[in-house]
Structure formats: structure tokens, C-alpha cells
Amino acid sequence: MRNIRAVVVLCLMIMILSVFAAGYGLFSTEGNGEYSFTSIRGETVQIQGKGLYTHDSVSMAAQARAQDGVTLFLGVPLLILSLIMTVKGLIKGRLMLTGTLGYFLYTFSSYCFLATYNSMFLVYVALFSASFFAFIVTLASFEKSLVPTYFEETLPVKSIGAFIWFIGFVIAMMWLGKIVNPLINGAVPDILEHYTTLTIQALDLGIIVPLAVITGYMVIRRQSFGYLLASVVIIKGVMLLTSISAMLGAMIYVGVEVSRAETLIFPIFNAGIIVCFIILLNNVREPGKEEIIN
């Protein structure tokens, strides 16, 4: 793999900083506890009042702590495993590494732009930056013409592409359903709480949903870049949907109202994307040493 040393250095940086940030976010408890806050729109919002997310809403803090847990106990180990496999020259490792870096990029970009300013801000920025450059370098290391040779002909591209489309469609409908009606009525969505804008919704509607549409089409057509995008989307999806399932559980635990549809749909998606992940890895064909890019 080209630029492997740079990727290793960046990944080590991500591992160390994410353990620090996620560990502190998950286990910090200092503060006086929950209190009510009136937003600039005159709405009453329950604020966490303790820990790293002391100035975030109870809902946001629960979600952030759940994501910290997934990052700490699943994301970091997967990053270590995929980096070791990549250094050994395994295509499975490089595909897993690219998708895992995509998860860290999405996660810490959202922390930079969504979470209320806290003491980890510069750590989030460093993680955002390191994840971005590591992701770009790893993605660019694949030789486009060789990508189809890394997969067996038995890979069920139509089923995988259709599932990716379906996830993109449901995410779009879920967020638009929460945004469009208040917009028409001249109100603001309930999910905004005391924040200034809908960062996650912007990322999902502006990047994730279009990416799902493009990826589904390209992988069904067996286009070279489609295989790579599908791998990234699936592996990142495993991490992200696991985080969302954990977030839903955390929100229910702290008493935040969650729709029954979401508590049913996302765990099903989570199971489905894990099945896609297993199918994908089982259909990866490792090239001979002479074919591996130096």
C-alpha cells in the first residue's frame, strides 16, 4: 500500500486521542446535575448538567455517551485490527480500514460542529483532521482497475445495492418527516432543542443519502468504484448503525421520548448491515503477492 507509514502514524494518533476523548466523555461525572434551560426560541430544554457534556441537552448527552462507548469498545479495536491486517498487505484489512476511518471522520466532524463547546474541542478537531487525511490517503491507495478483481463473482451486488438504497431512503424520509412539517408551519423541529442548526441531519441528507443512491447504482452495475464505495458504506454503516442502536437505548434509559418506529427500524438495519458486512468479507479475494501495490 502506498503511503503506509503516513496512514500508520495517523491511525495511531486517532487511536490515542479517541480513547482519551471517548473515555472522558463516557466516564466523566463532575457537575451539579440536570437543570432546565429556556432557549432563544422560548422553549424549555433539559440540560445534562454534569460530565463532559454538561451544557448539552439530556438527549444529546445520552447519544454522545452511547457513541463514545461504541467508539471506545468497538471502533478503536476495529481500527487496530484493520490497521494490522493492512500492514500485512491484506485487501480485507484495507477495506475495513477505509470504512472504519469513515466512521471516525463522520463521528468527530459531528462532535466538532454539533456538541456544545467543551474541553475536548481541540482534540475533536485533531481527530477530525487525522481521520479526514487518513481516510483520503487510504481510499486513494486502491488501484481502480484492480478493485473488481478483489471480489468474487458470487458477491450478491443487486441485494447489497438494494439494501443500501433502502437505508438511504428511510434515513431521508425520517429526517424530512421531522423537518418539513414544522418548516411549512413556520415552526422549528423539536429535535433542534437549544442548538443553532441541524448538523447531523445536514450531513445525512447532504452526504449520506446521496452517497447511498450513488453507491447502490454503481455496485449493482458492477462498476469498479462501486465495489469500493459499497465496502466503505457497509463497514462504516456497521459502526454507525451500532452507535444509533446504542443511542436509542441510552435515550430510553434516561427517559427521552423515542418513536417506536425508530426503536424497531434501526436495530433491524443494524442486523442487516452486519449480514452485508459478513457477506462482503466472505467474497473478498486476496490477490497474490505480485499483485499487491507497493
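When a residue number appears, it is its place in the shown sequence, counting from 1. Side chains are part of it too, since the values below use all heavy atoms of this structure and drop only hydrogens, waters and symmetry mates.
Because its NZ or CZ atom is not both nearer than 6.0 Å to the ring centre of Tyr53 and within 45° of the ring axis, Arg65 does not count as a cation-pi partner of that residue.
Scanning for ring-ring contact (aromatic ring centres under 6.0 Å, His included) contacts around Phe121 gives Tyr117, with sequence neighbours left out.
Across all non-hydrogen atoms, the minimal contact from Gly93 to Met85 is CA-CB, 3.5 Å.
Contacts classified as salt bridge (charged side-chain N to carboxylate O under 4.0 Å, His left out) and involving residues 252-264 (residues at least two apart or in different chains) are given here: Lys178-Glu262.
Few gaps surround OH on Tyr35; more than 12 heavy atoms of other groups in view lie less than 6.0 Å from it.
The six-membered or imidazole ring of Tyr111 lies away from that of Phe128, with a centre-to-centre distance of 6.0 Å or more.
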Problem - Worked check of side chain to side chain donor-acceptor pair (under 3.5 Å) between Asn283 and Thr154 - result: CA-CA 7 Å; Asn283 281 274; Thr154 54; 2.7 Å; yes

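Rounding to the nearest 0.5 angstrom, the gap separating the CG atom in Leu114 from the CG atom in Leu203 is 9.0 Å. Once rounded to the nearest 0.5 Å, the distance linking OG1 of Thr100 with CG of Leu95 reads 10.5 Å.
Side chains of Ser57 and Gln46: no donor on one and acceptor on the other come within 3.5 Å. At a cut-off of 3.5 Å, with distance as the only test, a side-chain donor of Tyr103 or Thr71 sits close to an acceptor on the other residue.
Panel note: side chain Asp56, backbone Ala115; no donor-acceptor pair is recorded below 3.5 Å. With Asn185 contributing its side chain and Ala187 its backbone, the two residues share no donor-acceptor pair below 3.5 Å. Distance alone, capped at 3.5 Å, is enough to place a donor-acceptor pair between the Glu286 side chain and the Ile91 backbone.
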